[in-house]
Amino acid sequence: MATAVALSLLVSQSAISPSAHAASEIAATASAAASGDRHALVALYHATHGPGWAKSRNWLEDMPISDWEGVTTDDAGRVIELVLPSNALTGELPTELGHLSELQVLDLENNYLSGDLPPGVGNLTGLRVLNLGDNLLSGPLPVEFARLTELTDLNLHFNRLSGPVPAFLGSLGELRVVDLSSNGFYGEVPVELGMLSDLTHLLLRSNGLSGTVPPVLGKLENLTWLDLSFNQLSGGIPAELGGLSDLTVLYLSSNRLSGAIPSELGKLDNLRILNLRLNQLGGEIPSELGDLRRLRILNLWRNGLTGEIPPELGRLTNLRRLDLDQNDLSGELPPELANLTDLRVLWLQGNRLSGDLPAWLGELPELERVYLQNNRFSGEIPSEFRNLAKLERLWLSNNRLSGEIPAWLGDLDNLTQLNLGNNEFSGAIPHELGSLTKLWVLNLGNNNLTGRIPGELGNLEALEQLDLGGNDLSGTLPNELAGLASLEQLLLGNNRLSGVIPASLADLTKLERLYLNDNRFSGTIPIELATLSRLEDVDLGNNRLAGPIPDRGNLPNLSRLSLAGNELSGPIPAAIGRLENLVHLRLEDNRLSGEIPAEMGELSKLISLSLGNNYLSGEIPAELGHLTNLVRLDLANNWLWGEIPAELGRLTSLEYLDLHHNELTEHIPVQLGNLTNLIELNLGSNRLERPIPAELGRLVKLTTLNLEHNALWGEIPGELGEMTNLVRLHLGGNGFRGEIPAELGHMAGLEELDLSRNRLTGEVPAGLGELTGLTHLYLAGNRLSGCLPTGWQSLDLVGEDLLLIGLDFCPVSPDARTREPGEAGP
């Protein structure tokens, strides 16, 4: 019996089929593979700071991974999709990602992933979609990616990837989308990309690509989107691109492309966007572009295009945006453009277009933005423009338009920007403009407008910029302007406005720029203005303001302050040293008195300091030597005394130093020889003594050196002859002795030379006769002997005192006689 049972068991075991064994092994393998997928996902979670993810539902839980956030599996439990975009993943991708061997879709877009791309991703040979765009990935594309032969979508835009665009991409024959834009790729566009016959989208914008646009791209017959913009591509636009019959978008902007626009582009029947802006294209706009009947956007901005605007563009009846600005186009606007009834935006500024503004522009009902500034348009604004009910921006500045500003502009309720500046408009500002409640830019500056500023402008609550400067406006500032709560720029300079500056301007709490210069304002500067903490640029210069400079307030952002050309009095407040962001300070031409505050040495960002033509006294503070960014220093025409501080020799960026007409004494500091960027040095009309330091000869950029009317003595240093860029040399009215240095003859560009009223002796060096550009020459008041250089006889002098010297011109030597044309020299 036992034997029978054993025999039966043996028979039953031998009856198990080989296929059952295989199935069991497959199941075991699948289970192991699924377990490996789980392990890879866990590694991803830990490597990319999973606890910080925006969504991590069920991750690391003991349940099927198909229930984990963003994970999709097949029937065998293998991961086929991993989709976690915008999920706050940080850190580097783990190598284990390459173990997800059945993965078809990997989408980790818009996270914070960094580091190199894992080469192991090349093992995912079934991958169809790879989207790692909008991360911080770096390094090149791994060569292992060449194994991704099933890939259809490759999206790596907005990363920090670098290296050449790999040629192996051309072997991935299933690719339909390649987006490598906004990275650091360099080198040429691989011609191998022309082998991707199924490609629909090729985006390589915003990299460092160079070379030419490969003509072979014209073979990509399925291409609908081509973007090579913002690179360094050069050469011409290949005519072969005209064969891309399915193309809807062509971006080649912001490169270095040159030559003419190929007329073949007119064959792109499906094109919706053609953007060639910011290149070096030349020639005329091809009339064939008028065949692009589906075109919505045509952008040829900032090239070198010439000729007239082709009337054929009037056939682009679907066009919504036309950008032809900043070229060299000329002529009048073709009337055929009146057919562009769907046009929203018209950019034509910065050309040489002329003629009257066409009335038909007012018949384009969809127009929202019109930019015609910086041309040569003339005449008046057509009344038909009042029909542009949707108009938001109207820029007509820098033309030759005339007439009065139409009152009906106040009916264009949607206007947000109105710029009519730099024209020849006359008459009064229409009070109807106060109805434009959406307006945030109003520029009427630099015209011939007269009358008062309408108080109705105070109704423009959204206004951020108001420019009425450079007109002939008069009267006082309306108090209603204090209601412009959004105003950031108030530019009213160069008019005939009068009265006091209203303290109510302090209500403009967002004000950043305030220009009231070159008017007739009187009274004091309202101390309330010092509370406008956002102010960056203030110019109250050239008015009739009196009283002291306000010495309190909070202006932390102020970078430019001009109070020049007024009647301000009293001291310069020490508090001015707290304006730590001040870059330009102009207080010249006032009646300021007292000492220069040492606190000014704390204005470390200061580039320009002008305190000239006041009644300042005391010594020049040595602390000014701390202003190492200073380019201009003007302390002229004051009552400053004492020595010139040697510390000024630290101002190595200085280009203009003017201390003339003060009471400065002692010597010229040798440290001024360190100011090798100086262009003008004026120390005239002081009481300086001792010799000129030879170190001044190092100032080789100097064009003006004025030391006249001092008490300097000794010999004139020959080192001054090293100043070969000098145009004006004024040393008159001192006590110089000895001979005139022959080295002064090296100053070939010298136009003004004043050595008068010194104690110079000896002969005038013959080499000075080579200074043929002299227009002013003064030598009288010395004890010169001999004769004057022959070359001076032919000078066309505007000012000179040669008759007072009592010397004749030197005789012409035989060797210097005038030769006949063609006569050989000795």
Side-chain angles (χ1 to χ4, degrees), residues 33-74 77-124 126-142 144-145 148 151-163 177-185 201 203-207 227 230:
S35 177
D37 285 0
R38 179 185 288 266
H39 173 73
L41 295 178
V42 171
L44 174 67
Y45 182 86
H46 290 303
T48 59
H49 192 58
W53 290 3
K55 298 178 182 179
S56 57
R57 179 178 54 87
N58 296 332
W59 274 72
L60 305 190
E61 297 292 334
D62 188 15
M63 58 180 59
I65 57 178
S66 58
D67 293 333
W68 291 11
E69 179 75 31
V71 178
T72 302
T73 61
D74 59 13
R78 298 299 309 280
V79 177
I80 58 173
E81 293 186 6
L82 178 57
V83 180
L84 294 170
S86 304
N87 206 40
L89 277 69
T90 60
E92 300 186 9
L93 293 173
T95 57
E96 289 87 348
L97 207 60
H99 299 163
L100 301 174
S101 57
E102 296 299 316
L103 198 64
Q104 299 175 21
V105 176
L106 176 60
D107 184 355
L108 303 179
E109 184 180 22
N110 194 27
N111 283 289
Y112 304 98
L113 300 170
S114 57
D116 293 348
L117 291 167
V121 173
N123 298 328
L124 310 179
L127 201 63
R128 292 185 291 104
V129 176
L130 176 58
N131 187 352
L132 299 176
D134 283 287
N135 278 286
L136 304 172
L137 299 168
S138 56
L141 290 185
E144 290 81 0
F145 278 29
L148 302 178
L151 202 62
T152 62
D153 293 68
L154 176 62
N155 189 342
L156 300 174
H157 70 272
F158 284 105
N159 276 285
R160 299 173 180 175
L161 300 170
S162 58
V177 175
V178 174
D179 188 354
L180 305 180
S181 55
S182 298
N183 278 285
F185 291 109
H201 290 71
L203 294 88
L204 302 178
R205 67 178 285 149
S206 297
N207 281 285
D227 189 349
F230 293 95

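Count residues from 1 along the sequence.
In this structure, OH on Tyr112 lies 9.0 Å from CG on Leu136, to the nearest 0.5 angstrom. The CG atom of Leu97 sits 8.5 Å away from the CG atom of Leu41 when rounded to the nearest 0.5 Å. Annotation: the span from Leu154 atom CG to Leu141 atom CG amounts to 7.0 Å, rounded to 0.5 Å. Considering NE2 of His157 and CG of Leu204, their distance stands at 13.5 Å, rounded to 0.5 Å. The CG atom of Leu203 lies 4.5 Å from the CG atom of Asp179; values are rounded to the nearest 0.5 Å. Rounded to the nearest 0.5 angstrom, Asp153 CG and Leu106 CG are separated by 12.5 Å.
Among residues two or more places apart in sequence or in another chain, the salt bridge (Lys or Arg N to Asp or Glu O under 4.0 Å) test is passed with Glu92 by none.
Inter-residue side-chain proximity for Val177 and Thr152 is flagged as unmet; no heavy-atom pair is nearer than 4.5 Å. A heavy-atom distance below 4.5 Å is not found between the side chains of Ser66 and Thr72. Looking at heavy atoms from C-beta onward, Leu60 lies in side-chain contact with His46 at the 4.5 angstrom threshold. Counting heavy atoms from C-beta on, the side chains of Leu103 and Leu82 come closer than 4.5 Å.
Across all non-hydrogen atoms, the minimal contact from Asn183 to Phe158 is ND2-N, 4.0 Å. The heavy-atom pair separating Arg128 from Leu151 by the smallest distance is O-CD1, 3.4 Å. Of all the heavy atoms in Asn159 and Asn135, the pair that sits closest is OD1-C, 2.9 Å. Between Thr90 and His49, the closest heavy-atom pair is OG1-CB, 3.4 Å. For the residue pair Pro94 and Pro118, the shortest heavy atom distance occurs at O-CG, 4.2 Å. The nearest pair of heavy atoms linking Glu109 to Asn155 is OE2-ND2, 4.3 Å.
Here the options are Asn110, Leu132, Asp107, the test is side chain to side chain contact (heavy atoms under 4.5 Å, CB included), and the partner is Pro85; only Asp107 passes. Only one option out of Leu137, Leu130, Leu113 pairs with Leu108 in a side chain to side chain contact (heavy atoms under 4.5 Å, CB included); it is Leu113.
Checked by atom type, the side-chain pair Asp37/His99 shows no donor-acceptor distance below 3.5 Å. The closest side-chain donor-acceptor pair between Ser101 and Arg78 falls under 3.5 angstrom.
Residue Arg160 places its CZ atom among 12 or fewer non-hydrogen atoms of other residues, nucleotides or ligands, all under 6.0 Å distant.
Checking side-chain atoms of Asn123 against main-chain N and O of Val121 turns up no donor-acceptor pair under 3.5 Å. At least one donor-acceptor pair closer than 3.5 Å links the side chain of Asn207 to the backbone N or O of Leu180.
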For this session: Would you check, one step at a time, whether the test side-chain contact (heavy atoms from CB on, under 4.5 Å) holds for Ser138 with Asp116?
Result: CA-CA 5 Å; Ser138 56; Asp116 293 348; 3.6 Å; yes
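Note: Trp59 and Trp68 have tilted aromatic rings, judged against thresholds of 30 and 60 degrees for the angle between ring planes.
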